[in-house]
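This structure is a prediction, so every number in the text was calculated from the model and none was measured. Atoms considered below: every heavy atom in the structure, side chains included; atoms not considered: hydrogens, waters and symmetry mates.
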Amino acid sequence: MPAPVVVAVVVSYNRAELLGAALDALGDQNRPVDRVVVVDNASTDDALAVARGHATAPHVVALARNTGGAGGFAVGIATAVAELGADLVWVMDDDTIPTPTALSALLEAREAYDGEVAALCSRVVWTDGSDHPMNTPRRRPGASAADVERARAVGAIPVRSMSFVSMMIDAAAVRRAGLPVTDYFIWNDDFEYATRLLRHRVGLAVPGSVVEHRTKKLGATDADPGPRFYYEVRNKIWMFSRSGALSFRERVLYGGSTVRRWLRTVVRSSDRRTLLGAGWRGFWHGITRGPRPDTEVLSGVGPAALTVARLEAGASLPAPVHVNRSAASAGTFGAGEPLDDQRFSVLLPVYRGDDAGHLERGFRSATVDQTLRPDEIVVVRDGPVGDDIAAVLSRLEEITDVPVTVVALPHNLGLARALEEGLAVCRHEIVARADADDISLPERFAEQVPLVAKGYDIVGSAIWEFEDDEDDHGMVRVPPTGEGIAEAARFRDPFNHPSVVYRKSAVAAVGGYQHLDLMEDYLLFARMLAAGAHAQNITDPLVLYRVGAGAYARRGGRRLLASELALQRTLHEEGFVSTPQMVRNVVVRAGYRLVPQRLRQAGYRRYTRQRGGYVPDDL
C-alpha cells in the first residue's frame, strides 16, 4: 500500500514569528509532510510574507478578510483535500510547534491500528512541558474493553473529541462529514467538528505524538474571555440545538458541564459586566439565529470560497498526484497580435465514463477527417479506464499520422485538472478543444485556426446536436458574436465549450482552469472576457454535439445547483456581474436546476430557439 499523502494545514493570523517557528517545525519532521497549506486570515503583520518566503514552500491561501479559526480551517481542509489530493489532513494553529516525531507517531499508530481511524490527535503541552488544559481530548464514554485494548495496543486512547491543535483527519471522513461550520468564527468550532466526525467513527489520542502549544498563558477554556464569551455561548447553543454531532444523552451531559464551566468563568471574571453582556448577546443570537451557509459567510474572501463550495457539494475530488498548471500570474490582454506560427494542438480528455466507440469516432474527426490537420493531438486519460477505452488509446497512432501524446493520469482528477495537465504538454500556442464523445466537422479547424492566428484569443462556433445517429441532426445552438459575447456572458456561457479554439497564453493569463462541476469552461471563459480577451464565434455549426439520454438530467440536481451558486458568487466577487445580475442569474439559472427533467428539457429547447437556435426543418 502506498504511503498516504499528508498535507499540513496551518491557520495564521498576525503571529508572524510563531508562524515561522511552526513552519520550521513542520520542515524538521523525521517523516516529512508532503505539502503544507498556510491559510492567512488577512494578517496585518508580516505573516503572509513569512509564509510565502518559507523554505517549506507552502501553498498559501490569502483570504481577503479574517474568517476566524473556523473559516480558516474550513478553507484549509477543503484546499488540502480538493486541491492538493490529501489522504490525511494535519491541522494546527500558527502557535503549534510539533516535535520532530509528532507526525511519524500519528502515522505509526494509524497504520498499526486494527480498523479504520477517522481522526487522531497529539499530546499537547505548554512551553514548560506540562499538559495544556485547553487542548485535552475527551475520552470516548462507554468505549468497550475491546476498543480500549485495540487502542492501547498501538499506544493510543479512544476519544470522542479533540482540538484543532494537531488533529489529523482522514480525507474520506472529510468527504462524508463535510467541513467545520465557518460561522462559528472562533471557539467550539473544533469541538463541534471533531464530535461530528467521531460520532460513529474512531478517534485516537496518541500520547507519543507531542506538540507544543505556545499560548501566552497556561489557561483552560474557563479562563476569563471577556467580550469573546459571546462566541462561547452562541456556538455552544448552536451546537446543542442545531448540530447532529452529539446524541441526546451527550447533549445532556455536555450541556450540564458547560453550564458549570460558564458559572466558574463568571465567578472568576474580573469584569463581570462585560462578560455577562457578551454572554447574553451570545445566548440571544444562539436562540434566535442559526449558522449561515458557508458560501454566505465566505463571500468576498476570494477563490477559496469556491473550493469550499465544491467540496461541500460532494464534487469529485482529485487524487494524490502532483498536477502541473499552465497558469502564469493573472493578467490582462492587449491588442491581439497576429501569430506567425499557425501550428496548433488538439486537447482531448477522456475518462472511464466515456464510450470507446465514441472516443474513436471523435478522435478520427479531429485528425484524419480534417481539411486542416492539427500538428499534434494531446489525449489526457483522466485516471484508470476500462479495457475498451484502453484498447482504443493503445492504437491511436495507427489511426492517424498526426503525432499523438497520451497523458496518463494515475488518478481521476476531474475535467479542470485534466485539461490543465494536458495544456502543460501542448507544444503550440494555438490549442483546439475536443471532447471524446463529440464530432468535429471536416472544415472546423480550417475556419477557426486562422482567426486565432489573426489576433483572437478565443474562437467558438455553433454546434449541431444529435443523439445516437450523427446523420440525424437536431437543434443547432448558435452562440452570440462580437460585442454580444461579453453581454451574454453575464448570464450564460457564450461559447459552446467543445467548439472552442484558444491561445494557450490567454488561458494561462487568467489562472487556467478551475474545477467546478460542468462549469469549468464557463468560469474560464468569463475570466478571459473580464480580462479583455478578444473573442469571436462562428455562426455555422462546426461540431456535432452528442446530447445523449442523460444530457438534461446532468443539467439539474443539487450538486450542479451548488456549482451554479458558487459560480455566480465568484463572478460577482470578481466584479464580472453586478448584484442585480447575480440575483437574476440565481433566480433563473439556479431555479432551472431544480425543476423536473421534462420541464428542463422543454424550457431549454424553447430558450435556445429564442436566442437564435433552430432545427433544420424550421428553415
Side-chain angles (χ1 to χ4, degrees), residues 316 346-370 374 377-382 385-386 388-389 391-393 396 399-400 412 414-416 418-419 422 432-445 447-448 460-479 492-493 495-501 517-522 525 537-557 560 597-598 600-605 607-609 613-617:
S316 57
V346 171
L347 178 57
L348 190 156
V350 60
Y351 83 117
R352 63 180 178 272
D354 287 321
D355 179 274
H358 297 167
L359 168 63
E360 181 170 350
R361 179 67 184 98
F363 180 84
R364 287 181 178 275
S365 75
T367 53
V368 297
D369 292 348
Q370 288 297 308
I377 182 164
V378 175
V379 178
V380 184
R381 192 203 70 188
D382 189 12
V385 295
D388 291 346
I389 293 179
V392 174
L393 294 177
L396 292 181
I399 297 174
T400 178
N412 179 261
L415 181 60
L419 292 174
R433 276 276 284 111
D435 282 345
D437 53 355
D438 299 327
I439 300 169
S440 296
L441 294 176
E443 66 277 12
R444 178 189 169 190
F445 300 147
E447 292 196 27
Q448 290 180 294
S461 79
I463 59 176
W464 222 332
E465 294 183 350
F466 75 102
E467 293 188 6
D468 297 319
D469 184 356
E470 65 181 84
D471 295 321
D472 184 11
H473 299 163
M475 178 77 70
V476 174
R477 286 162 48 179
V478 181
R492 61 180 174 88
D493 190 344
F495 299 98
N496 293 313
H497 69 266
S499 76
V500 298
V501 179
D517 275 352
L518 296 178
M519 296 186 187
E520 295 93 343
D521 299 275
Y522 186 2
F525 301 155
N537 274 310
I538 296 171
T539 55
D540 292 330
L542 298 178
V543 172
L544 300 183
Y545 179 71
R546 192 184 305 270
V547 291
Y552 298 103
R554 291 193 300 270
R555 293 190 176 108
L560 191 56
Q597 180 179 332
R598 183 173 299 178
R600 191 182 305 123
Q601 181 173 351
Y604 161 79
R605 289 187 173 275
Y607 178 70
T608 300
R609 288 176 185 267
Y614 60 90
V615 175
D617 292 342

Within this structure, what is the [atom1]-[atom2] distance for the pair [X] and [Y], rounded to the nearest 0.5 Å?
{"X": "R477", "Y": "N496", "atom1": "CZ", "atom2": "CG", "answer": "5.0 Å"}
{"X": "F466", "Y": "D438", "atom1": "CZ", "atom2": "CG", "answer": "7.0 Å"}
{"X": "R381", "Y": "L348", "atom1": "CZ", "atom2": "CG", "answer": "14.5 Å"}
{"X": "I463", "Y": "M475", "atom1": "CD1", "atom2": "CE", "answer": "11.0 Å"}
{"X": "D437", "Y": "Y545", "atom1": "CG", "atom2": "OH", "answer": "7.5 Å"}

Going through the checks in order, is the side chain to side chain contact (heavy atoms under 4.5 Å, CB included) test met by S461 and R444?
CA-CA 9 Å; S461 79; R444 178 189 169 190; 5.7 Å; no
Can you find a heavy atom in the side chain of [X] that is under 4.5 Å from one in the side chain of [Y]?
{"X": "S499", "Y": "L542", "answer": "no"}
{"X": "F495", "Y": "D521", "answer": "no"}
{"X": "V346", "Y": "T367", "answer": "no"}

For a quick test of reading the model, state the closest non-hydrogen atom pair linking [X] to [Y] and the distance between them.
{"X": "G422", "Y": "L347", "result": "CA-CD1, 3.7 Å"}
{"X": "P498", "Y": "D435", "result": "CB-OD2, 3.7 Å"}
{"X": "A356", "Y": "V392", "result": "O-CG2, 3.8 Å"}
{"X": "V501", "Y": "Q448", "result": "CG2-OE1, 3.5 Å"}
{"X": "A416", "Y": "E520", "result": "CB-CG, 3.6 Å"}
{"X": "Q370", "Y": "L441", "result": "NE2-O, 2.9 Å"}

With side chain to side chain contact (heavy atoms under 4.5 Å, CB included) as the test, would you mind laying out the steps for L419 and V380 before giving the verdict?
CA-CA 7 Å; L419 292 174; V380 184; over 6 Å; no
Do D369 and R361 meet the salt-bridge criterion of a basic N to acidic O distance under 4.0 Å?
yes
How far apart are the C-alpha atoms of I389 and R352, what are their side-chain angles, what is the distance that settles it, and do they pass the side chain to side chain contact (heavy atoms under 4.5 Å, CB included) test?
CA-CA 8 Å; I389 293 179; R352 63 180 178 272; 5.6 Å; no
Please name all residues satisfying side-chain contact (heavy atoms from CB on, under 4.5 Å) with D355, sequence neighbours left out, ordered by chain then number.
H358
By ring pair (Phe, Tyr, Trp, His ring centres under 6.0 Å), F363 pairs with (sequence neighbours left out) none
Do L359 and D354 pass the side chain to side chain contact (heavy atoms under 4.5 Å, CB included) test, and can you show the C-alpha distance, the side-chain angles, and the key distance before you say yes or no?
CA-CA 7 Å; L359 168 63; D354 287 321; 5.5 Å; no
